[in-house]
**Q** 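To start, I am sharing the structure in question, which I have written as C-alpha coordinates.
Because only heavy atoms are used, hydrogens play no part in the values below, and waters and symmetry mates are left out as well, while side chains stay in.
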Amino acid sequence: MTSTADLYDLHGDDLQSLPLQLRSFGGHASFEGPIRTVRCFQDNALLKSVLSSPGEGAVLVVDGDGSYGTALMGDMIAQLAVDNGWAGVVINGCVRDSVALGTMPLGVKALGTNPRKSGKQGTGEADVTLEFGGVSFRPGARLYADADGVLVER
(Lines give C-alpha, C1' and ligand atoms only; values in the text may rest on other atoms or scores of the structure.)
Protein backbone atom coordinates (compact mmCIF):
# COMPACT_ATOMS: atom_id res chain seq x y z
CA MET A 1 0.00 0.00 0.00
CA THR A 2 1.20 3.51 -0.77
CA SER A 3 1.70 5.53 2.42
CA THR A 4 -1.05 7.94 3.45
CA ALA A 5 1.45 10.81 3.25
CA ASP A 6 2.28 9.92 -0.37
CA LEU A 7 -1.41 9.42 -1.21
CA TYR A 8 -2.23 12.84 0.18
CA ASP A 9 0.65 14.40 -1.79
CA LEU A 10 -0.72 12.79 -4.96
CA HIS A 11 -4.43 13.47 -4.45
CA GLY A 12 -4.63 16.41 -2.03
CA ASP A 13 -8.15 17.65 -1.37
CA ASP A 14 -9.70 14.65 -3.12
CA LEU A 15 -8.99 12.95 0.22
CA GLN A 16 -10.20 13.84 3.71
CA SER A 17 -7.65 13.49 6.51
CA LEU A 18 -8.99 12.42 9.91
CA PRO A 19 -7.36 14.68 12.53
CA LEU A 20 -8.21 12.41 15.49
CA GLN A 21 -5.09 10.85 16.97
CA LEU A 22 -6.23 7.23 16.86
CA ARG A 23 -3.95 4.53 18.24
CA SER A 24 -3.10 1.42 16.24
CA PHE A 25 -3.95 -1.87 17.95
CA GLY A 26 -4.11 -4.52 15.21
CA GLY A 27 -1.38 -6.70 13.79
CA HIS A 28 -1.58 -4.80 10.49
CA ALA A 29 -0.43 -1.19 10.88
CA SER A 30 -1.41 -0.38 7.27
CA PHE A 31 -4.75 -1.32 5.74
CA GLU A 32 -7.26 -0.09 3.18
CA GLY A 33 -10.61 -0.97 1.72
CA PRO A 34 -14.14 0.15 0.95
CA ILE A 35 -16.03 1.52 3.95
CA ARG A 36 -18.90 -0.16 5.77
CA THR A 37 -20.32 1.63 8.81
CA VAL A 38 -21.93 1.13 12.21
CA ARG A 39 -23.16 3.80 14.61
CA CYS A 40 -23.55 2.56 18.18
CA PHE A 41 -23.04 3.84 21.72
CA GLN A 42 -21.63 1.50 24.36
CA ASP A 43 -23.42 -1.42 22.66
CA ASN A 44 -21.53 -3.75 20.32
CA ALA A 45 -24.21 -6.27 19.27
CA LEU A 46 -24.72 -4.63 15.86
CA LEU A 47 -20.94 -4.32 15.32
CA LYS A 48 -20.56 -8.05 16.11
CA SER A 49 -23.36 -8.91 13.69
CA VAL A 50 -21.81 -6.91 10.84
CA LEU A 51 -18.32 -8.39 11.43
CA SER A 52 -19.90 -11.87 11.39
CA SER A 53 -20.83 -11.31 7.74
CA PRO A 54 -18.44 -11.52 4.76
CA GLY A 55 -16.11 -8.50 4.79
CA GLU A 56 -14.58 -8.99 1.34
CA GLY A 57 -11.66 -6.71 2.24
CA ALA A 58 -13.80 -3.88 3.62
CA VAL A 59 -13.01 -1.60 6.56
CA LEU A 60 -15.69 -1.21 9.21
CA VAL A 61 -15.89 2.35 10.54
CA VAL A 62 -17.62 2.49 13.92
CA ASP A 63 -18.88 5.71 15.46
CA GLY A 64 -19.08 5.06 19.19
CA ASP A 65 -19.54 8.79 19.81
CA GLY A 66 -15.97 9.05 21.11
CA SER A 67 -16.91 7.20 24.31
CA TYR A 68 -14.18 5.90 26.60
CA GLY A 69 -16.85 4.32 28.86
CA THR A 70 -16.78 0.80 27.40
CA ALA A 71 -14.88 -1.19 24.78
CA LEU A 72 -16.74 -1.78 21.52
CA MET A 73 -14.43 -4.57 20.30
CA GLY A 74 -12.18 -7.17 21.89
CA ASP A 75 -10.30 -10.23 20.70
CA MET A 76 -13.38 -12.43 20.11
CA ILE A 77 -15.13 -9.93 17.83
CA ALA A 78 -11.81 -9.09 16.13
CA GLN A 79 -11.38 -12.81 15.39
CA LEU A 80 -14.77 -12.76 13.65
CA ALA A 81 -13.48 -9.91 11.48
CA VAL A 82 -10.35 -11.91 10.60
CA ASP A 83 -12.34 -15.09 9.89
CA ASN A 84 -14.76 -13.19 7.63
CA GLY A 85 -12.18 -11.35 5.51
CA TRP A 86 -12.35 -7.79 6.85
CA ALA A 87 -9.28 -5.59 6.22
CA GLY A 88 -9.71 -3.47 9.32
CA VAL A 89 -11.82 -1.64 11.85
CA VAL A 90 -11.65 2.08 12.72
CA ILE A 91 -13.42 2.90 15.99
CA ASN A 92 -14.35 6.31 17.36
CA GLY A 93 -14.33 4.65 20.77
CA CYS A 94 -12.37 1.99 22.67
CA VAL A 95 -11.18 -1.59 22.35
CA ARG A 96 -10.04 -4.17 24.89
CA ASP A 97 -7.76 -7.21 24.75
CA SER A 98 -5.19 -4.92 23.13
CA VAL A 99 -2.28 -7.37 23.46
CA ALA A 100 -4.25 -10.08 21.65
CA LEU A 101 -5.41 -7.60 18.98
CA GLY A 102 -1.76 -6.84 18.23
CA THR A 103 -1.20 -10.47 17.18
CA MET A 104 -4.11 -10.61 14.73
CA PRO A 105 -3.86 -10.07 10.95
CA LEU A 106 -6.25 -7.12 11.07
CA GLY A 107 -5.94 -3.35 11.01
CA VAL A 108 -7.44 -1.80 14.15
CA LYS A 109 -7.49 1.89 15.03
CA ALA A 110 -9.32 3.27 18.06
CA LEU A 111 -9.18 6.12 20.57
CA GLY A 112 -7.92 3.94 23.40
CA THR A 113 -8.69 0.99 25.64
CA ASN A 114 -11.10 0.09 28.42
CA PRO A 115 -11.46 -3.43 29.90
CA ARG A 116 -15.19 -2.85 30.53
CA LYS A 117 -17.39 -4.67 28.02
CA SER A 118 -20.25 -2.90 26.28
CA GLY A 119 -23.97 -3.58 26.26
CA LYS A 120 -25.62 -6.14 23.98
CA GLN A 121 -29.03 -4.62 23.21
CA GLY A 122 -28.39 -4.29 19.46
CA THR A 123 -29.06 -0.56 19.28
CA GLY A 124 -27.55 1.52 16.50
CA GLU A 125 -27.50 1.79 12.72
CA ALA A 126 -25.51 0.08 9.98
CA ASP A 127 -24.47 1.24 6.50
CA VAL A 128 -25.28 4.92 7.11
CA THR A 129 -23.01 7.90 6.45
CA LEU A 130 -21.07 8.75 9.61
CA GLU A 131 -19.34 11.98 10.48
CA PHE A 132 -16.74 12.49 13.18
CA GLY A 133 -13.49 14.41 13.40
CA GLY A 134 -14.76 16.59 10.55
CA VAL A 135 -14.63 13.65 8.12
CA SER A 136 -17.56 12.03 6.33
CA PHE A 137 -17.45 8.22 6.12
CA ARG A 138 -19.75 7.07 3.30
CA PRO A 139 -20.39 3.37 2.74
CA GLY A 140 -18.42 2.32 -0.34
CA ALA A 141 -15.87 5.16 -0.22
CA ARG A 142 -12.27 3.99 0.11
CA LEU A 143 -10.36 4.35 3.39
CA TYR A 144 -6.57 4.22 3.74
CA ALA A 145 -4.86 3.87 7.14
CA ASP A 146 -1.28 3.58 8.33
CA ALA A 147 1.00 4.84 11.09
CA ASP A 148 0.46 8.46 9.94
CA GLY A 149 -3.33 8.39 10.10
CA VAL A 150 -6.53 7.81 8.18
CA LEU A 151 -7.55 9.16 4.75
CA VAL A 152 -10.99 8.84 3.16
CA GLU A 153 -12.13 9.53 -0.41
CA ARG A 154 -14.44 12.51 -0.71
**Q** Would you name the heavy atoms of G57 and A87 that are closest together and state the gap between them?
**A**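 Scanning both residues completely, I find the closest heavy atoms to be O-CB, 3.4 Å.
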**Q** What I'd like to find out is whether the side chain of Y8 reaches to under 4.5 Å of the side chain of D14, using heavy atoms alone.
**A**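 Y8 vs D14: side chains apart.
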**Q** Name all pairs fulfilling the salt bridge (charged side-chain N to carboxylate O under 4.0 Å, His left out) condition that reach into residues 41-62, sequence neighbours left out, sorted by first residue then second.
**A**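 Not a single pair qualifies under salt bridge (charged side-chain N to carboxylate O under 4.0 Å, His left out).
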**Q** Identify, with sequence neighbours excluded, every residue that meets side chain to side chain donor-acceptor pair (under 3.5 Å) alongside S3.
**A**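 With sequence neighbours excluded, S3 shows a side chain to side chain donor-acceptor pair (under 3.5 Å) to D6, given in chain and number order.
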**Q** Of all the heavy-atom pairs spanning V95 and A110, show the shortest one and how long it is.
**A**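 Taking V95 first and A110 second, the nearest heavy atoms are CG1-CB, 3.8 Å.
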**Q** If we only count heavy atoms from C-beta on, is the N92 to L111 side-chain gap below 4.5 Å?
**A**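 Of all side-chain heavy-atom pairs linking L111 with N92, at least one is under 4.5 Å.
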**Q** Any side-chain heavy-atom pair from V152 and S136 closer than 4.5 angstrom?
**A**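 Heavy-atom side-chain distance check fails, nothing below 4.5 Å.
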**Q** Could you note down all residue pairs passing ring pair (Phe, Tyr, Trp, His ring centres under 6.0 Å) where residues 105-126 supplies at least one of them, sequence neighbours left out?
**A**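 Pairs touching residues 105-126 that pass the test: none.
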**Q** Show me the pairs that pass salt bridge (charged side-chain N to carboxylate O under 4.0 Å, His left out) and involve residues 112-128, at least two apart or across chains.
**A**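 Those involving residues 112-128 are R36-D127, R39-E125.
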**Q** Nearest 0.5 angstrom please: Q42 CD to N44 CG, how far?
**A**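 It comes to 11.0 Å.
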**Q** For the hydrophobic clusters of this structure (ILVMFWY residues joined by side-chain heavy atoms under 4.5 Å, transitively), does one cluster hold both L22 and F31?
**A**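 Yes, it is one cluster - the side chains of L22 and F31 are joined through contacts under 4.5 Å.
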**Q** Quick one: which residue pairs count as a ring pair (Phe, Tyr, Trp, His ring centres under 6.0 Å) with a foot in residues 64-117, not counting sequence neighbours?
**A**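 Of all non-adjacent pairs touching residues 64-117, none passes ring pair (Phe, Tyr, Trp, His ring centres under 6.0 Å).
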**Q** Could you tell me which residues satisfy ring-ring contact (aromatic ring centres under 6.0 Å, His included) with F137, sequence neighbours excluded, listed by chain and number?
**A**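 F132.
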**Q** Side-chain heavy atoms nearer than 4.5 Å, only ILVMFWY residues, links allowed to pass through others: does that put V61 and V108 together?
**A**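 Shared cluster, no.
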**Q** Tell me whether N114 contacts the main-chain N or O of G69 through its side chain, where contact means a donor paired with an acceptor under 3.5 Å.
**A**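 A pair under 3.5 Å: yes.
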**Q** By salt bridge (charged side-chain N to carboxylate O under 4.0 Å, His left out), which residues pair with R154, not counting sequence neighbours?
**A**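 Partners of R154 under the salt bridge (charged side-chain N to carboxylate O under 4.0 Å, His left out) test: none.
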**Q** Using the rule that Ile, Leu, Val, Met, Phe, Trp and Tyr join whenever any side-chain heavy atoms are under 4.5 Å apart, tell me whether L101 and V59 fall into a single cluster.
**A**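 Different clusters.
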**Q** Quick one: pull up CG in L51 and CG in L60 and give me the separation to the nearest 0.5 Å.
**A**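 If I round to the nearest 0.5 Å, the distance is 5.0 Å.
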**Q** For G93, is there any backbone N or O sitting under 3.5 Å from a side-chain donor or acceptor partner on S67?
**A**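 Flag not set: sc S67 to bb G93 has no pair under 3.5 Å.
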**Q** Please report the shortest heavy-atom distance between L72 and I77, naming the atom on each side.
**A**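 Distance-wise, the nearest heavy atoms are O-CD1, 4.3 Å.
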**Q** Do any pairs count as a ring pair (Phe, Tyr, Trp, His ring centres under 6.0 Å) and have a residue in residues 98-131, sequence neighbours left out, and if so which ones?
**A**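 Residue pairs with at least one partner in residues 98-131: there are none.
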**Q** For the residue pair V135 and S17, what are the closest heavy atoms and their distance?
**A**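 Looks like CG2-O, 3.7 Å.
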**Q** Pairs under 3.5 angstrom only: tabulate donor-acceptor contacts from the side chains of residues 142-150 to other protein residues two or more places apart or in another chain.
**A**
| from | atom 1 | to | atom 2 | distance (Å) |
| --- | --- | --- | --- | --- |
| R142 | NE | E32 | OE1 | 3.2 |
| R142 | NH2 | E32 | OE1 | 3.2 |
| D146 | OD1 | T4 | OG1 | 2.7 |
| D146 | OD1 | D148 | N | 2.9 |
| D146 | OD2 | T4 | N | 2.8 |
| D146 | OD2 | T4 | OG1 | 3.2 |

**Q** What residue pairs, at least two apart or across chains, pass ring pair (Phe, Tyr, Trp, His ring centres under 6.0 Å) with a residue in residues 92-115?
**A**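 As it turns out, there is no ring pair (Phe, Tyr, Trp, His ring centres under 6.0 Å) pair with a partner in residues 92-115 once direct neighbours are skipped.
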**Q** Search all heavy atoms of L106 against all heavy atoms of A81 and return the closest pair with its distance.
**A**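 Where L106 meets A81 most closely, the heavy atoms are CD2-CB, 3.9 Å.
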**Q** How long is the straight-line distance from CG of L47 back to OG of S52, given to the nearest 0.5 Å?
**A**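 Spacing of OG (S52) from CG (L47) equals 9.0 Å.
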**Q** Which pairs pass side chain to side chain donor-acceptor pair (under 3.5 Å) with one or both residues in residues 95-113, sequence neighbours excluded?
**A**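 Those involving residues 95-113 do not exist here.
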**Q** Any side-chain heavy-atom pair from M73 and V62 closer than 4.5 angstrom?
**A**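 Answer no - side chains too far apart.
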**Q** Please check if L20 and F25 belong to a single hydrophobic cluster, counting links between Ile, Leu, Val, Met, Phe, Trp and Tyr side chain heavy atoms closer than 4.5 Å.
**A**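 Shared cluster, no.
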**Q** Calculate, to the nearest 0.5 Å, the distance between atoms CG and CD1 belonging to D63 and I91 respectively.
**A**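 Those atoms lie 11.0 Å apart.
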**Q** Atom CG in D65, atom CG in L130: separation rounded to 0.5 Å?
**A**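 Those atoms lie 11.0 Å apart.
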**Q** Establish whether V90 and V128 are linked, either directly or via other cluster members, by ILVMFWY side-chain heavy-atom contacts under 4.5 Å.
**A**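 Same cluster: V90 reaches V128 through Ile, Leu, Val, Met, Phe, Trp or Tyr contacts under 4.5 Å.
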**Q** Mind listing the closest non-hydrogen atom pair of T70 and S118 along with its distance?
**A**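 Taking every non-hydrogen atom into account, OG1-CB, 3.5 Å.
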**Q** Among pairs that include at least one residue of residues 18-28, which meet side chain to side chain donor-acceptor pair (under 3.5 Å), considering only residues two or more places apart or in two chains?
**A**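 Non-adjacent pairs meeting side chain to side chain donor-acceptor pair (under 3.5 Å): zero.
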